[in-house]
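Quick caveat: nothing in here was measured; it's all calculated off a predicted structure.
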2 protein chains.
Amino acid sequence: MTVVALFTRPPEMPDPSGPQSAPNALIRKLERFSSFSDVEREAIGDLGAASEWIAAGKPIINAGDGPVMVLPLLEGVACQYQDFRDGRRQILSLLLPGDICGGSGEVSGPADYGVRSLSRVRIARIEAARFIALLQAHPAITIALTKSALVDQAVQRAWIVNLGQRRGHERIAHLICELAHRMSERGLLLSDGGFELPLTQQELGSMLGLTSVHTNRVLQQLRAENLIAFHNGVVHIHDAARLQALADFDAAYLSIPG
Amino acid sequence: MTVVALFTRPPEMPDPSGPQSAPNALIRKLERFSSFSDVEREAIGDLGAASEWIAAGKPIINAGDGPVMVLPLLEGVACQYQDFRDGRRQILSLLLPGDICGGSGEVSGPADYGVRSLSRVRIARIEAARFIALLQAHPAITIALTKSALVDQAVQRAWIVNLGQRRGHERIAHLICELAHRMSERGLLLSDGGFELPLTQQELGSMLGLTSVHTNRVLQQLRAENLIAFHNGVVHIHDAARLQALADFDAAYLSIPG
DNA sequence: CGGTTGATTGAGGCTGCTCAAAAGGTGTGG
DNA sequence: CCACACCTTTTGAGCAGCCTCAATCAACCG
């Protein structure tokens with residue numbers, strides 16, 4: 001897969017096959033929600049024509065930014081987060097290729113959150129007006145985006161449940177299950193079934209409301225029980241059934257409700 | 001205020017002043033986001049013409065329900081929640097008058113959550129088609145609902161942050177601050193500045209990821225520090241400034257971003 | 001008055017945090 | 001190629017927040 005090479009390529013090297021080479025992640029994601037004509041597929045693909053690469057760890061949206069353009073993530077991984085004055089940070093969502101930075105196409109107001117790249121990332125930058133015109137011209141795209149937004153909201157709810165009701169090891173297990181599904185949906189699994197997750201344990205902890213120290217210990221325990229391994233930014237699931245049972249994971253919420 | 005009487009009135013008694021008496025909460029909420037013509041105001045008001053009262057503790061939407069009608073809550077308080085097989089429950093959101101049950105006008109798929117009344121509640125039941133027609137006829141209403149949905153999402157994010165990063169007493173403090181603001185916005189404060197919160201400590205705990213036992217102890221502590229009192233379903237804030245400081249609360253996210 | 005639900009209290013224990021420091025890894029400059 | 005700085009991971013010890021189990025109170029209701 002072209003994805004395998006994506007994160008292992010040195011960040012400073014330009015993409016050897018050019019920005020158009022990767023199948024457009026936005027199309028791949030939206031097609032799960034609505035079927036498109038060739039015209040529509042092309043219209044979506046055109047959005048990614050003008051895209052830029054951003055290095056890992058760079059800001060994409062800063063808290064306080066005014067209304068921004070529509071920013072579909074085409075390659076790489078980013079996160080939405082909120083910082084405290086005292087240094088604590090809560091990661092609010094993980095953005096995978098095909099996701100739109102800053103919620104589902106938000107077109108208003110100063111953001112109360114930030115978005116930054118976790119790996120090298122390719123992002124398109126679309127004028128709101130152009131985006132709206134696209135939606136008006138192609139109802140199928142509007143439908144797909146609406147359904148996509150509903151799934152995004154279901155994911156937010158699942159995070160609330162995860163933080164509110166589960167213990168550390170269950171939280172990690174649930175998050176890994178969720179990501180495995182989302183990665184798989186978009187054809188982002190490695191050939192051995194694992195997937196790239198370019199996070200430090202510190203960052204993983206701040207998605208889950210856990211300390212990096214505790215995250216580390218729980219990961220070791222899960223590894224010892226032969227459930228998962230997380231090493232060098234790659235996750236491997238060794239026993240999916242047991243992992244899902246531990247996490248009380250049900251993938252239904254990640255699919256189209258209707 | 002008419003609200004004072006609302007929860008203290010015996011559930012089986014019909015509203016003495018009739019369903020049309022209360023100023024329409026939906027209008028009051030949406031006007032915060034967009035200004036309406038008289039025609040629009042009337043159109044929104046008409047939605048509530050056919051409304052029904054539901055007793056406290058009754059289901060409004062059940063997990064698994066297919067696409068439902070649009071259900072604006074006109075009076076009373078309800079909650080959106082998700083249950084575990086083992087009895088744990090996470091409350092996902094509190095619905096106040098003017099809020100729409102089941103997210104922001106969702107029109108699709110089997111719900112992965114339930115909604116139930118926490119007090120006696122008045123709800124309108126609107127055909128999706130009629131609702132959509134309303135939006136198409138009145139762009140100002142569409143704008144208001146869109147902005148409202150953005151605020152709802154900001155609230156969801158705030159809950160994630162609350163659960164992920166704050167301790168028990170901070171969580172409670174933050175939730176109380178949020179609710180005080182939302183109640184105040186809609187003119188639901190009692191004459192003494194308090195507000196009705198028809199929750200058991202058990203339910204409060206399952207919004208905050210805390211045990212009812214622990215919730216109880218933290219409430220007592222907050223009461224002892226003269227910050228808040230929560231008794232008989234009524235919250236009183238005794239020291240708003242100190243409470244907000246404790247909660248690290250900033251009301252900006254509850255306003256219109258833009 | 002007995003039944004039921006919710007609030008309160010106590011004792012004891014596990015989960016997860018804090019503080020600290022050591023161990024690995026990686027990129028930089030001499 | 002090594003020394004050094006920096007970041008992440010790992011480990012240890014001690015403690016606190018929060019939970020579990022259990023029982024008592026208080027209020028309401030038929």
Side-chain angles (χ1 to χ4, degrees), chain A residues 7-8 10-12 55-57 84 86-90 118-119 162-175 197-224 228-235 246, chain B residues 7-13 55-58 84 86-91 116 118-120 162-174 197-225 228-235 246:
Chain A
F7 298 104
T8 51
E12 53 288 346
F84 281 49
D86 66 10
R88 281 178 289 177
R89 161 173 298 178
Q90 176 66 43
L118 291 168
S119 65
N162 210 25
L163 290 168
Q165 300 298 327
R166 284 193 263 262
R167 301 286 167 74
H169 55 287
E170 300 168 323
R171 284 187 211 173
I172 293 186
H174 197 277
L175 180 68
L197 187 64
L199 291 172
T200 65
Q201 292 182 7
Q202 160 89 71
E203 289 165 327
L204 189 57
S206 63
M207 302 176 70
L208 295 166
L210 301 174
T211 298
S212 66
V213 172
H214 196 62
T215 302
N216 177 279
R217 292 196 231 260
V218 173
L219 282 174
Q220 286 181 59
Q221 184 195 326
L222 293 176
R223 166 73 241 229
I228 58 172
F230 175 45
H231 206 61
N232 276 111
V234 178
V235 173
L246 172 63
Chain B
F7 298 104
T8 51
R9 190 188 311 128
E12 55 286 347
M13 267 180 62
K58 299 294 180 196
F84 282 49
D86 65 12
R88 279 178 290 178
R89 161 174 300 178
Q90 176 66 43
I91 293 181
R116 64 189 209 99
L118 291 168
S119 66
R120 204 166 75 101
N162 211 23
L163 290 168
Q165 300 299 326
R166 284 192 263 262
R167 301 284 166 74
H169 55 286
E170 300 168 324
R171 285 187 210 172
I172 292 187
H174 197 277
L197 188 63
L199 291 172
T200 65
Q201 293 182 7
Q202 159 90 74
E203 290 164 328
L204 189 56
S206 63
M207 302 176 70
L208 296 166
L210 302 174
T211 297
S212 66
V213 173
H214 195 61
T215 302
N216 178 279
R217 292 197 232 260
V218 173
L219 282 174
Q220 287 181 56
Q221 183 195 327
L222 293 176
R223 167 73 240 230
E225 293 171 18
I228 59 171
F230 175 45
H231 207 62
N232 277 111
V234 178
V235 174
L246 172 63

Asker: Which angle, to the nearest 10 degrees, lies between the helix axes at the two ends of the helix from C:dC1-D:dG30 to C:dG30-D:dC1, each defined by five pairs?
Answerer: 30°
Asker: Is a donor-acceptor contact shorter than 3.5 angstrom present between the side chain of A:R217 and the base of D:dG12?
Answerer: yes
Asker: What's the CZ-P distance between A:F230 and D:dT8, to the nearest Å?
Answerer: 12 Å
Asker: Do side-chain atoms of B:R166 reach the backbone of B:R171 as a donor and acceptor pair under 3.5 angstrom?
Answerer: no
Asker: Does B:T211 put a side-chain nitrogen or oxygen below 4.0 Å from OP1 or OP2 of D:dC19?
Answerer: yes
Asker: Whole-Å distance between D:dT20 C1' and B:R88 CZ?
Answerer: 14 Å
Asker: Which residues pass the side chain to side chain donor-acceptor pair (under 3.5 Å) test with B:Q221, sequence neighbours left out?
Answerer: B:E225
Asker: Sequence neighbours left out, what pairs pass salt bridge (charged side-chain N to carboxylate O under 4.0 Å, His left out) with at least one residue falling in residues 200-210 of chain B?
Answerer: B:R116-B:E203
Asker: Using the test side chain to side chain donor-acceptor pair (under 3.5 Å), find all partners of B:D86 that sit at least two apart in sequence or belong to another chain.
Answerer: B:R88
Asker: Provide the closest heavy-atom pair for A:F230 versus A:L219 in the form atom of the first, atom of the second, distance.
Answerer: CD2-CD1, 3.7 Å
Asker: Can you check the A:Q201 CD to D:dT11 P distance for me, whole Å?
Answerer: 10 Å
Asker: Roughly, in whole Å, what's the span from CG in A:L222 to P in D:dT9?
Answerer: 15 Å
Asker: Check nucleotides 22-30 of chain D against the protein and report each pair of N or O atoms closer than 3.5 Å, with its distance, or say if there are none.
Answerer:
none

Asker: Pick base, sugar-phosphate or nothing for A:G209, based on heavy-atom distances below 4.0 Å to the nucleic acid.
Answerer: sugar-phosphate
Asker: Output the residues of residues 166-174 of chain A in contact with DNA chain C, where contact means a heavy atom of the residue under 4.0 Å from an atom of the strand; sort by number or write none.
Answerer: A:R167, A:G168
Asker: Mind checking side chain to side chain donor-acceptor pair (under 3.5 Å) for B:E170 and listing every partner two or more places apart, or none if nothing turns up?
Answerer: none
Asker: What is the 5' to 3' range of DNA chain C, first to last nucleotide, that sits under 4.0 Å from any heavy atom of chain B?
Answerer: C:dG6 to C:dT18
Asker: Atom CD of A:Q202 to atom C1' of D:dT9: distance rounded to whole Å?
Answerer: 11 Å
Asker: Show me the donor-acceptor pairs, under 3.5 Å and distance only, between side chains in residues 209-218 of chain A and residues at least two apart or in other chains.
Answerer:
{"from": "A:T215", "atom 1": "OG1", "to": "A:T211", "atom 2": "O", "distance (Å)": "2.7"}
{"from": "A:N216", "atom 1": "OD1", "to": "A:Q220", "atom 2": "NE2", "distance (Å)": "2.3"}
{"from": "A:N216", "atom 1": "ND2", "to": "A:Q201", "atom 2": "OE1", "distance (Å)": "2.8"}

Asker: Whole angstrom is fine here: how far is it from CD in A:Q220 over to C1' in D:dT8?
Answerer: 13 Å
Asker: Excluding sequence neighbours, so at least two apart, what forms ring-ring contact (aromatic ring centres under 6.0 Å, His included) with A:H174?
Answerer: A:F249
